[in-house]
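These numbers were taken from a predicted model, which means no experiment stands behind them. Sequence lines set the chain letters: A, B, ... in the order given, protein chains first and strands last, and positions in each chain run from 1.
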Amino acid sequence: MAESKKLPARDEDFANWYNEVVQRSELADYSPVRGSMVIRPWGYGIWENMQSALDKMFKETGHENAYFPLLIPLSFIEREKEHVEGFAPELAVITQAGGKELEEPYVVRPTSETIIYSMYAKWVQSYRDLPILINQWANVMRWEMRTRLFLRTTEFLWQEGHTAHATAEEAEDETQLILDVYRRFMEDWIGMPPLTGLKSESEKFAGAVRSYSCEALMQDNKALQAGTSHFLGQNFAKQFDLSFQSEEGQEEYAWNTSWGVSTRLVGGLVMSHGDDNGIVVPPRLAPVQVVVVPILTDEDTEPVRAKTKEIVAKLSEAGLRVKDDSRENLSPGAKFYEWEGKGVPFRIEIGPRDLAQGQLALARRVTPVGEKRKAFLPEGQVIAELPAYLEKFQVELLDTARARRDENTVRGVTSVDELEEALEHGAGFVFTGWSGDPAVEEEVKERTKATIRVLVSEEFRSEESPDRCLSGQGASVHEVAWARAY
RNA sequence: CGGGGCGUGGCGCAGUCCGGUAGCGCACCUGCUUUGGGAGCAGGGGGUCCCCAGUUCGAAUCUGGGCGCCCCGACCA
């Protein structure tokens with residue numbers, strides 16, 4: 001193989017590998033505008049599959065979709081103090097339109113809390129109007145200093161759910177419900193098992209009372225904040241007069257939640273499963289699950305072509321997403337590399353020899369240890385068993401990622417020295433006790449570059465909970481997970 | 001905003017030091033032969049050398065100014 005066609009080594013230069021693989025697999029390309037990207041059909045196809053799975057989960061939990069406008073009056077953003085402080089540096093502001101200076105500037109939404117709760121205020125009078133459970137699929141804009149394809153771009157696509165409830169308990173339940181939806185989605189669809197928990201004060205969403213997060217561990221052992229669910233309390237309700245009359249006749253402010261995942265998940269997928277040959281797309285999200293490549297020799301190619309069509313039709317009927325790659329200007333080998341680079345889970349080859357023997361060559365994107373790259377199997381078996389093979393592939397991706405996460409997690413660390421040492425030795429998540437003192441968090445961050453990813457939720461806590469803060473000062477109040485993060 | 005790198009056919013680059021009117025690989029087009037892991041041969045098309053100004057008989061190359069992009073750090077899903 002020509003050296004120039006190889007990817008940068010993943011274990012030596014992960015960042016470079018990531019940039020190359022995203023472009024080569026045709027997920028995305030740089031646009032002429034700094035920091036923004038074009039999501040190409042292959043990348044968008046994955047996002048669409050993510051969307052439809054998530055959308056279904058949202059609907060199943062009682063949510064509806066709506067759409068709110070891109071532009072928000074600047075004054076709206078400015079209403080909630082912490083919110084504006086959090087977003088001010090990264091706002092794109094429109095001051096001119098229609099050839100005139102605007103009376104009031106608009107911001108391109110960095111998130112939609114303000115416009116949405118101002119509208120809810122119009123729609124809610126009584127407790128009977130609650131809860132409101134709305135989601136929107138939208139683009140948002142945050143003027144970031146430094147950008148990376150999918151992980152942080154100026155404009156990105158996401159969903160943002162915004163709910164209003166009569167009680168704090170109900171809003172808290174909603175926050176947890178969605179956190180669980182995200183977690184399940186990441187595991188079952190992306191094969192990316194996150195750690196869940198509460199964000200520290202310094203890391204929470206600007207304007208939230210508390211934020212919960214799904215944190216996934218990438219192959220370079222950096223953490224990726226992959227989805228967040230916020231309990232907003234009455235912060236926005238008070239600023240936008242989102243109030244209602246309770247059952248008892250009292251005027252009360254509603255309780256809000258907001259939650260979102262973005263196209264960043266595509267980046268997470270790449271960094272979870274990709275290898276030196278390209279990306280690996282989990283079957284449930286793959287725009288193409290099986291590619292069929294005919295081997296056309298100088299003999300009569302008609303029978304091979306016909307068989308290819310037949311196999312594609314049968315697999316489509318079985319509900320699989322199948323691609324017929326009968327292009328004539330490329331050799332089979334070139335096609336193999338192309339589809340492997342794009343992460344298609346399975347490839348079927350059909351040649352004259354297979355035809356004669358009633359078999360097909362089946363190649364898996366990721367070859368299990370000890371198995372051959374290709375298996376020659378009876379046609380009937382391939383047709384009948386492929387759905388199960390895909391399912392198995394899906395599960396194995398999750399298992400592998402989970403094992404990697406756990407192997408790279410270090411528990412029971414009791415000092416900053418030890419934390420630093422663990423990180424220097426390439427640890428991913430490092431669990432310690434923490435007193436809750438923000439100064440400790442700040443100092444450790446300064447020294448190690450690691451941040452508290454989450455105050456670990458119960459399920460992920462260590463069997464023996466830490467009793468001292470890693471600073472050496474005071475008792476531990478929370479077990480926390482540290483990591484260097486994207 | 002600081003540090004580094006880079007702007008030359010679609011992509012990756014050489015040429016720049018030492019000025020003489022642009023070349024290589026891949027990709028693309030045509031034809032023939034091929035096709036079970038990135039095909040071969042032959043022919044062919046395509047470039048305001050990032051922009052502006054200057055020096056010069058002559059600038060991709062020298063001088064000055066500007067712009068853009070990427071990477072590494074400070075902010076963030």
Measure from [atom1] on [X] to [atom2] on [N] and round the result to the nearest Å.
X	N	atom1	atom2	result
A/Asn16	B/rG12	CG	P	13 Å
A/Asn329	B/rG38	CG	P	16 Å
A/Arg142	B/rC75	CZ	P	17 Å
A/Glu299	B/rG36	CD	C1'	12 Å
A/Lys374	B/rG37	NZ	C1'	6 Å
A/Gln357	B/rG36	CD	P	17 Å
A/Asp325	B/rG37	CG	P	15 Å
A/Arg24	B/rA27	CZ	C1'	14 Å

Short heteroatom pairs, N/O only, protein and nucleotides 68-71 of chain B, under 3.5 Å:
| unit_1 | atom_1 | unit_2 | atom_2 | d |
| --- | --- | --- | --- | --- |
| B/rC69 | OP1 | A/Arg34 | N | 3.4 |
| B/rC71 | OP1 | A/Asn19 | ND2 | 3.4 |

Less than 4.0 Å between a side-chain N and a carboxylate O, is that true for [Y] and [X]?
X	Y	result
A/Glu396	A/Arg364	yes
A/Glu310	A/Lys307	yes
A/Arg484	A/Glu424	yes
A/Lys445	A/Glu443	no
A/Lys59	A/Glu64	no
A/Glu340	A/Arg365	no
A/Glu113	A/Arg79	no

Between A/Ala226 and A/Leu360, which has a closest nucleotide on RNA chain B that is more 5'?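 The residue whose closest nucleotide sits nearer the 5' end is A/Leu360.
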Need to verify one output field. Residue with the more 5' nearest nucleotide on RNA chain B, A/Arg347 or A/Lys445? A/Arg347
Could you list, one pair per line, each protein nitrogen or oxygen that sits under 3.5 Å from a nitrogen or oxygen of nucleotides 30-35 of chain B, together with the distance?
| unit_1 | atom_1 | unit_2 | atom_2 | d |
| --- | --- | --- | --- | --- |
| B/rU35 | O2' | A/Leu296 | O | 3.3 |
| B/rU35 | N1 | A/Leu296 | O | 3.1 |
| B/rU35 | N3 | A/Leu296 | O | 3.4 |

Once you apply a heavy-atom cut-off of 4.0 Å, does [X] come out as touching a base, just sugar-phosphate, or nothing?
X	result
A/Gln225	sugar-phosphate
A/Lys335	nothing
A/Leu224	nothing

Which value, in whole Å, describes the distance between the [atom1] atoms of nucleotides [N] and [M]?
N	M	atom1	value
B/rA27	B/rG54	P	43 Å
B/rG31	B/rG68	P	46 Å
B/rU63	B/rU16	C1'	14 Å
B/rA22	B/rG9	C1'	11 Å
B/rU8	B/rA14	P	11 Å
B/rG58	B/rG25	C1'	31 Å
B/rG47	B/rG10	C1'	11 Å
B/rC32	B/rC50	C1'	42 Å

Tell me whether the side-chain N or O atoms of A/Glu338 pair up with the base of B/rG38 as donor and acceptor below 3.5 Å, since no angle test is needed here. no
Using atom types as modelled, flag every donor-acceptor pair under 3.5 Å from a side chain in residues 185-195 of chain A to any protein atom, sequence neighbours excluded.
| unit_1 | atom_1 | unit_2 | atom_2 | d |
| --- | --- | --- | --- | --- |
| A/Glu187 | OE1 | A/Arg183 | NE | 3.2 |
| A/Glu187 | OE2 | A/Arg183 | NE | 3.0 |
| A/Glu187 | OE2 | A/Arg183 | NH2 | 3.4 |

Output the residues of residues 36-57 of chain A in contact with RNA chain B, where contact means a heavy atom of the residue under 4.0 Å from an atom of the strand; sort by number or write none.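 Those residues whose heavy atoms fall under 4.0 Å from RNA chain B, taken from residues 36-57 of chain A, amount to none.
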Heavy-atom contacts under 4.0 Å between residues 183-202 of chain A and RNA chain B, which residues? none
Stacking check A/Tyr337 vs B/rG38 (5.5 Å / 30 deg):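 Stacked: centres under 5.5 Å apart, planes under 30°.
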Residues in salt bridge (Lys or Arg N to Asp or Glu O under 4.0 Å) contact with [X], at least two apart in sequence or another chain:
X	value
A/Asp437	none
A/Arg321	none
A/Arg142	none

Look up atom CD in A/Glu203 and atom OG1 in A/Thr228, then write down how far apart they are to the nearest 0.5 Å. 11.5 Å
Backbone N or O of A/Leu269 within a donor-acceptor pair of the A/His273 side chain at under 3.5 Å? no
Side chain of A/Arg373 - closest among B/rG38, B/rA74, B/rG37: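 For the A/Arg373 side chain, the nearest candidate turns out to be B/rG37.
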A/Asp354 side-chain proximity, nearest of B/rG36, B/rC28, B/rG37: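 Out of B/rG36, B/rC28, B/rG37, the nucleotide with an atom closest to A/Asp354's side chain is B/rG36.
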Going by the rule side chain to side chain contact (heavy atoms under 4.5 Å, CB included), which residues pair with A/Glu371 if we only count those two or more places apart in sequence or in a different chain? A/Thr367, A/Pro368
Sequence neighbours excluded, the answer for side chain to side chain contact (heavy atoms under 4.5 Å, CB included) partners of A/Glu201 is A/Lys204
Under a 3.5 Å threshold, yes or no: a donor from one side chain and an acceptor from the other, between A/Thr432 and A/Trp482?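 Short answer, yes.
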Is the shortest side-chain heavy-atom distance between A/Ile46 and A/Val281 below 4.5 Å?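 With C-beta onward as the side chain, the pair touches.
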Runs of at least three consecutive pairs that involve RNA chain B, where pairs are Watson-Crick or G-U with distances under 3.5 Å: B:1-7 with B:67-73, B:10-13 with B:23-26, B:28-33 with B:39-44, B:50-54 with B:62-66
Considering just the side-chain nitrogens and oxygens of A/Lys372, establish if one lies under 4.0 Å of OP1 or OP2 belonging to B/rG36. no
Side chain to side chain donor-acceptor pair (under 3.5 Å) partners of A/Tyr44, counting only residues at least two apart: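 None.
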